[in-house]
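Presented below is the structure to which this report refers.
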Amino acid sequence: MSVDLEKILRPVETPLPVFPPKYMTLANGQEMVVRQAERDEIPDILPFVEPLMHVERDFYHIVASRVYAELLAYYTYRVQDEYVLIAQVEGEIAAIVNGRIVNPETGMSYHTLALRRGLRVGAHAFATKMEYHMDILNQKEVLIVAESPIGFRRWMIEYNLEKRFSVPHELGGCPSWSLTKELFEKARNTLVVGRRPVPGPLLNKAKAAILPPSDPPKAPEDLLAATRSMLDSTATSLIEMRKRLGGI
Ligand SMILES: CC(C)(COP(=O)(O)OP(=O)(O)OC[C@H]1O[C@@H](n2cnc3c(N)ncnc32)[C@H](O)[C@@H]1OP(=O)(O)O)[C@@H](O)C(=O)NCCC(=O)NCCS
């Protein structure tokens with residue numbers, strides 16, 4: 001009985017081509033591998049996302065909360081046609097990107113989460129996800145939204161995305177922006193970097209274990225001391241600080 005119900009709850013997945021892993025050299029000289037995360041690797045990734053739910057800086061809290069739910073949905077077969085790519089440096093997780101296909105022509109970009117700052121790992125991971133939609137899945141457009149000013153700068157401005165405001169995005173029904181094939185081609189030579197095949201030892205290191213990020217974004221010790229807490233209209237800093245101090 002329960003087995004039959006599970007069959008109904010699980011969407012029938014469209015078989016998607018596997019993303020061929022690639023690697024790129026970061027500004028600090030380290031090599032970063034981007035590869036597809038297998039479904040059974042999701043439980044290894046979740047513990048690195050969870051702490052970011054409490055970092056309000058740069059909207060990590062909302063993005064991490066949604067990414068956590070999306071990864072869980074993927075793991076438990078509660079989302080249709082999702083994929084997850086991860087970026088790793090020396091095995092350490094550096095970025096997570098995910099999305100899904102809406103239909104053969106249209107992709108839905110979910111999130112980009114950088115677990116290491118200042119090296120454009122998020123920008124590279126996002127470009128790689130667009131490459132997956134355009135070159136591997138052969139789609140015509142990808143629908144995108146940003147939840148943070150940095151995200152807006154990275155996607156809407158750097159790629160000069162087109163407005164598709166009549167189409168509600170799956171992330172909260174916000175107005176969508178679109179990366180078309182034409183825009184992707186314009187960005188290909190500047191924003192899309194990396195090489196294939198990934199040298200064996202580099203890929204093996206990445207696949208051997210997903211190591212914790214050594215310098216992930218962290219909330220400040222005193223959340224209310226941060227200047228931006230004064231501008232925090234959602235009072236997240238106050239709520240988190242109260243929680244930390246043992247209040248409600
Ligand atoms: C948006 C995001 C993926 C971009 O990642 P990224 O390309 O690796 O860029 P970073 O976040 O490291 O850097 C952003 C800017 O802050 C600067 N910066 C450098 N070190 C930083 C640090 N320790 N903390 C904050 N900012 C830093 C960078 O120099 C960069 O400036 P630039 O835009 O002029 O180049 C990442 O900021 C992130 O995960 N943000 C939270 C979640 C989010 O908003 N995701 C996108 C929503 S869809």
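Counting convention: from 1, in listed order, for ligands and their atoms alike.
For ligand 1, none of its N or O atoms has an N or O atom of Ala146 under 3.5 Å away. Remark: ligand 1 and Phe59 share no N or O pair separated by less than 3.5 Å (distance only, no angle test). Considering backbone and side-chain N/O of Ile150, none are found under 3.5 Å from N/O of ligand 1. The distance criterion of under 3.5 Å between nitrogen or oxygen atoms is met by Tyr60 with respect to ligand 1. Ligand 1 has a nitrogen or oxygen under 3.5 angstrom from a nitrogen or oxygen of Gly118. Considering backbone and side-chain N/O of His111, none are found under 3.5 Å from N/O of ligand 1. Considering backbone and side-chain atoms together, Trp155 places no N or O closer than 3.5 Å to any N or O of ligand 1.
Closest of all the heavy-atom pairs between Gln139 and Asn103 is NE2-O, 2.9 Å.
Atom numbering of ligand 1 starts at 1 in the shown order; those under 4.0 Å from a heavy atom of Asp58 are 41 (C), 44 (O). Ligand 1 places these atoms under 4.0 Å from at least one heavy atom of Thr112: 3 (C), 39 (O), 42 (C), 43 (C), 45 (N), 46 (C). Each of the following atoms of ligand 1 lies closer than 4.0 Å to a heavy atom of Ser148: 43 (C), 44 (O). Distances below 4.0 Å separate heavy atoms of Ala123 from the following atoms of ligand 1: 6 (P), 7 (O). Every atom of ligand 1 with a heavy atom of Leu113 under 4.0 Å away is listed here by number and element: 39 (O). Remark: ligand 1 atoms within the under-4.0 Å shell around heavy atoms of Glu147 are 47 (C), 48 (S).
The side chain of Val63, and not its backbone, has at least one atom closer than 4.0 Å to an atom of ligand 1 (non-hydrogen atoms only; side chain from C-beta on). The part of Arg154 lying near ligand 1 is the side chain, judged by heavy-atom distances below 4.0 Å.
Closest protein heavy atom to atom 39 (O) of ligand 1: Ala114 N, 2.8 Å. Gly122 CA, 3.5 Å is the protein heavy atom nearest to atom 5 (O) of ligand 1. When only non-hydrogen protein atoms are considered, atom 33 (O) of ligand 1 lies nearest to Arg153 NH2, 2.6 Å.
Distance remark: protein heavy atom not present below 4.0 angstrom from atom 17 (C) of ligand 1. Counting only heavy atoms, the protein gets under 4.0 Å from atom 13 (O) of ligand 1.
Considering Ile144, Val192, Val97 in turn, Ile144 is the only one that fulfils the side-chain contact (heavy atoms from CB on, under 4.5 Å) rule with Met130. Each of Glu170, Glu82, Glu70 was evaluated against Arg100; a single residue qualifies, Glu170, per the salt bridge (charged side-chain N to carboxylate O under 4.0 Å, His left out) test.
Put simply, the side chain of Met134 does not reach to within 4.5 Å of the side chain of Arg188, judged on heavy atoms. Looking at Leu183 and Tyr159, their side chains never come closer than 4.5 Å, going by heavy atoms from C-beta outward.
Remark: Glu182 CD is loosely packed, at most 12 non-hydrogen atoms of other residues, nucleotides or ligands lying under 6.0 Å away. Within 6.0 Å of the NZ atom in Lys181, the count of heavy atoms belonging to other residues, nucleotides or ligands exceeds 12. More than 12 heavy atoms of other residues, nucleotides or ligands lie within 6.0 Å of NZ in Lys218, so this atom counts as buried by the packing criterion.
Taking the six-membered ring for Trp and thresholds of 30 and 60 degrees, Phe126 and Trp155 have nearly parallel ring planes, at less than 30 degrees apart.
For Phe126, the closest heavy-atom approach to ligand 1 does not fall below 4.0 Å.
Closest to atom 37 (O) of ligand 1 by heavy atom, among Arg66, Arg117, Glu158, Arg120, is Arg117.
Residues Glu6 and Arg10 are paired through a salt bridge, judged by an N-O separation under 4.0 Å between the basic side chain and the carboxylate. Taking the charged nitrogens against the carboxylate oxygens, Glu41 and Arg35 do have a contact shorter than 4.0 Å, which makes a salt bridge. At a threshold of 4.0 Å, the pair Arg116-Glu90 does not count as salt-bridged, since none of the basic side-chain nitrogens sits closer than that to a carboxylate oxygen.
For the pair Arg39 and Tyr77, the cation-pi criterion (under 6.0 Å, within 45° of the ring axis) is fulfilled.
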